[in-house]
Number of protein chains: 2
Amino acid sequence: MARRSDHSREEIREMALDAAEKIVVEKGFEGLSARKVAKAIGYTVGTLYLVFENIDDLILQINARTLDRLYAGMAETQATARNGRQRMLQLGQVYIRFADQDPHRWSMIFEHRLAEGRELPEWYREKIARMFAIVEEALMPLAAGRPGREVAQAARVIWGGVHGICILAVGNRLGIAGVDSVQDLTQSLISNYLAGFTGPAG
Amino acid sequence: MARRSDHSREEIREMALDAAEKIVVEKGFEGLSARKVAKAIGYTVGTLYLVFENIDDLILQINARTLDRLYAGMAETQATARNGRQRMLQLGQVYIRFADQDPHRWSMIFEHRLAEGRELPEWYREKIARMFAIVEEALMPLAAGRPGREVAQAARVIWGGVHGICILAVGNRLGIAGVDSVQDLTQSLISNYLAGFTGPAG
DNA sequence: ACCTGAACACCGTTCAAGT
DNA sequence: ACCTGAACACCGTTCAAGT
């Protein structure tokens, strides 16, 4: 059992986050508890409350890490893709692959619900916003002088859509199987939506 | 405290489901517990286990009721709409309105995750399948002789997409506000996707 | 000063015992 | 036969007390 001053506040915090992530990766959100995290790092549960506000705070920190990794993956793709359409399709692929390769951490972002009335903190919303910014940027060359409002809307439609397909697929609620099918559905969504978005009918 | 033979098994079951739904509507999924349901109907918690397999079973029954109401709303719309495109747009509206008017029950369908390895029962999957069938039927007049496989795929893309927009909107993760915006996004998704789906580019 | 460990108010689930 | 109530193994959170 760890004793006083074995680790700094910051060290305990990092150890706890690492241990918690390991639990989530292996057992999913349901398997996570403050007591298990404490046990894994050799401290008692009370110690966690010196370092985190509460369990929601700890979860939010892990989700922030996950969002950062997803953002990095998207930003990388963005740099390599050729035209807007290719970028959009690649962004969709990156998202689906991310969710498929790390389903437990990805799911936790959406399974975790804040208590009634509580809002996501500003620094966290910022992480979501910058992902939409990437999608909007990829859309720009396809928007042909449309107002920014419409580009922002299209980004949210496509991203919400990709996300929804991914959710239903992971929850096995689409009557389909396999990642390839999910990739197919996502590509279909993006392709056909862009056809309408960039096409003559406006 | 209720005593023996005050109610039949079936009556206790109905009372429990009604009480549980009331809790969910008022407090959301998080507020639901076997002990609270038992208390609300004047029985001890042990009694619930004579009538339900476990708490997951009870939740699944409530979700089934919710799916039935959603299905009824969709089937009604289907009967009144004129052409395929109108039907699709109306189905989207019905879905968003349903989620908006009954967010706690709607959310519970997706917040509830089965234990690792457990599958949704066949009778439940059937309820999901028949909703997709409505969407596929509305798509038919727009599919112009395409193989059923493609129609099924398009139905899943659109429905997954509408769902995803709805999820992100309810979780306040889109940086938008209000039901009207969500309706706008949904209509944009359906319109533009259909433009690509029915358009020349295929 | 730092952390523990016990307490409090909750969970889901089971099952011997009471009526 | 039907239901209880207590037990078991868990939760998140707090805080007086120990080192």
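Residue numbers begin at 1 in each chain, while the letters A, B, ... track the order of the sequences.
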Suppose we screen for side-chain contact (heavy atoms from CB on, under 4.5 Å). Which residues come up paired with [X], at least two apart in sequence or across chains?
X        : result
A/Glu122 : A/Arg125
A/Arg149 : A/Gln153
A/Pro103 : none
B/Glu136 : B/Phe132, B/Val151, B/Ala152, B/Ala155, B/Arg156

Of all the base pairs, Watson-Crick or G-U under 3.5 Å, which form stems of three or more consecutive pairs involving DNA chain C?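 Stems (3+ consecutive pairs) listed as C:4-8 with D:12-16, C:12-16 with D:4-8.
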
When you check the phosphate oxygens OP1 and OP2 of C/dT14, does a side-chain N or O of B/Tyr49 lie under 4.0 Å from one of them?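 Checking B/Tyr49 against C/dT14: no side-chain N or O falls below 4.0 Å of OP1 or OP2.
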
B/Thr47 vs D/dC2: side-chain N/O to OP1/OP2 distance below 4.0 Å: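 B/Thr47 to D/dC2 OP1/OP2: no side-chain N or O under 4.0 Å.
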
In whole angstrom, what separates [X]'s [atom1] from [N]'s [atom2]?
X       : N      : atom1 : atom2 : answer
B/Glu10 : D/dC2  : CD    : P     : 14 Å
A/Phe29 : D/dG12 : CZ    : C1'   : 13 Å
B/Leu48 : C/dT13 : CG    : P     : 10 Å
B/Arg9  : D/dC2  : CZ    : C1'   : 7 Å
A/Ile41 : C/dC3  : CD1   : C1'   : 12 Å
A/Leu32 : D/dC11 : CG    : C1'   : 12 Å
B/Lys39 : D/dG5  : NZ    : C1'   : 15 Å
B/His7  : D/dT4  : NE2   : P     : 11 Å

How long is the straight-line distance from CZ of B/Phe197 back to OG of A/Ser188, given to the nearest 0.5 Å?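 A/Ser188 OG to B/Phe197 CZ: 8.0 Å, rounded to 0.5 Å.
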
Please tell me which of the listed nucleotides, D/dC3, C/dC3, C/dG12, lies nearest to the side chain of A/Leu50?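 Ranking D/dC3, C/dC3, C/dG12 by closest atom to the A/Leu50 side chain puts C/dC3 first.
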
Check DNA chain D against residues 13-25 of chain B and give the residues with a non-hydrogen atom under 4.0 Å, in numerical order.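 None, since no heavy atom is under 4.0 Å.
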
Listing, residues 84-96 of chain A side-chain donor-acceptor contacts under 3.5 Å, not counting sequence neighbours, or none:
from, atom 1, to, atom 2, distance (Å)
A/Arg85, NH2, A/Ser191, OG, 3.0
A/Gln93, OE1, A/Arg97, NH2, 3.1
A/Tyr95, OH, A/Trp106, NE1, 3.0
A/Tyr95, OH, A/His163, ND1, 2.8

Is there a residue in residues 52-61 of chain B whose heavy atoms reach under 4.0 Å of DNA chain C, and which residues are they?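 Residues of residues 52-61 of chain B that come under 4.0 Å of DNA chain C are, in numerical order, B/Asn54, B/Ile55.
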
Could you tell me whether a side-chain N or O of A/Lys127 sits under 3.5 Å from a main-chain N or O of A/Ala64, the two making a donor and an acceptor?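 Not at all, since once roles are kept as given, no pair shorter than 3.5 Å links the two residues.
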
Every protein N/O lying under 3.5 Å from an N/O of nucleotides 7-10 of chain C:
from, atom 1, to, atom 2, distance (Å)
C/dA7, N6, A/Arg35, NH2, 3.4

Looking at residues at least two apart in the chain, or sitting in another chain, which of them share a ring-ring contact (aromatic ring centres under 6.0 Å, His included) with B/Phe52?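 By the ring-ring contact (aromatic ring centres under 6.0 Å, His included) rule, B/Phe52 matches no residue at all.
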
Partner residues of A/Tyr49 under the ring-ring contact (aromatic ring centres under 6.0 Å, His included) criterion, sequence neighbours left out: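 Applying ring-ring contact (aromatic ring centres under 6.0 Å, His included) to A/Tyr49 gives none.
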
Are A/Arg113 and B/Phe29 in a cation-pi contact, defined as NZ or CZ under 6.0 Å from the six-membered ring centre and within 45° of the axis?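 Geometry flag: not set, cation outside 6.0 Å or 45°.
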
Distance-minimising heavy-atom pair for A/Asp57 and A/Asn54: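 Looking at all heavy atoms of both residues, the shortest contact is N-OD1, 3.0 Å.
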
Check: B/Val37 and B/Leu48 side chains under 4.5 Å, non-hydrogen atoms: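 Yes, close enough: below the 4.5 Å cut-off.
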
With B/Asp102, which residues qualify under salt bridge (charged side-chain N to carboxylate O under 4.0 Å, His left out), at least two apart?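 Scan of B/Asp102 (salt bridge (charged side-chain N to carboxylate O under 4.0 Å, His left out), adjacent residues dropped) gives B/Arg69, B/Arg105.
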
Go through A/Glu30 and A/Lys36 one step at a time and tell me if the salt bridge (charged side-chain N to carboxylate O under 4.0 Å, His left out) criterion holds. CA-CA 12 Å; A/Glu30 300 275 335; A/Lys36 285 182 193 160; over 6 Å; no

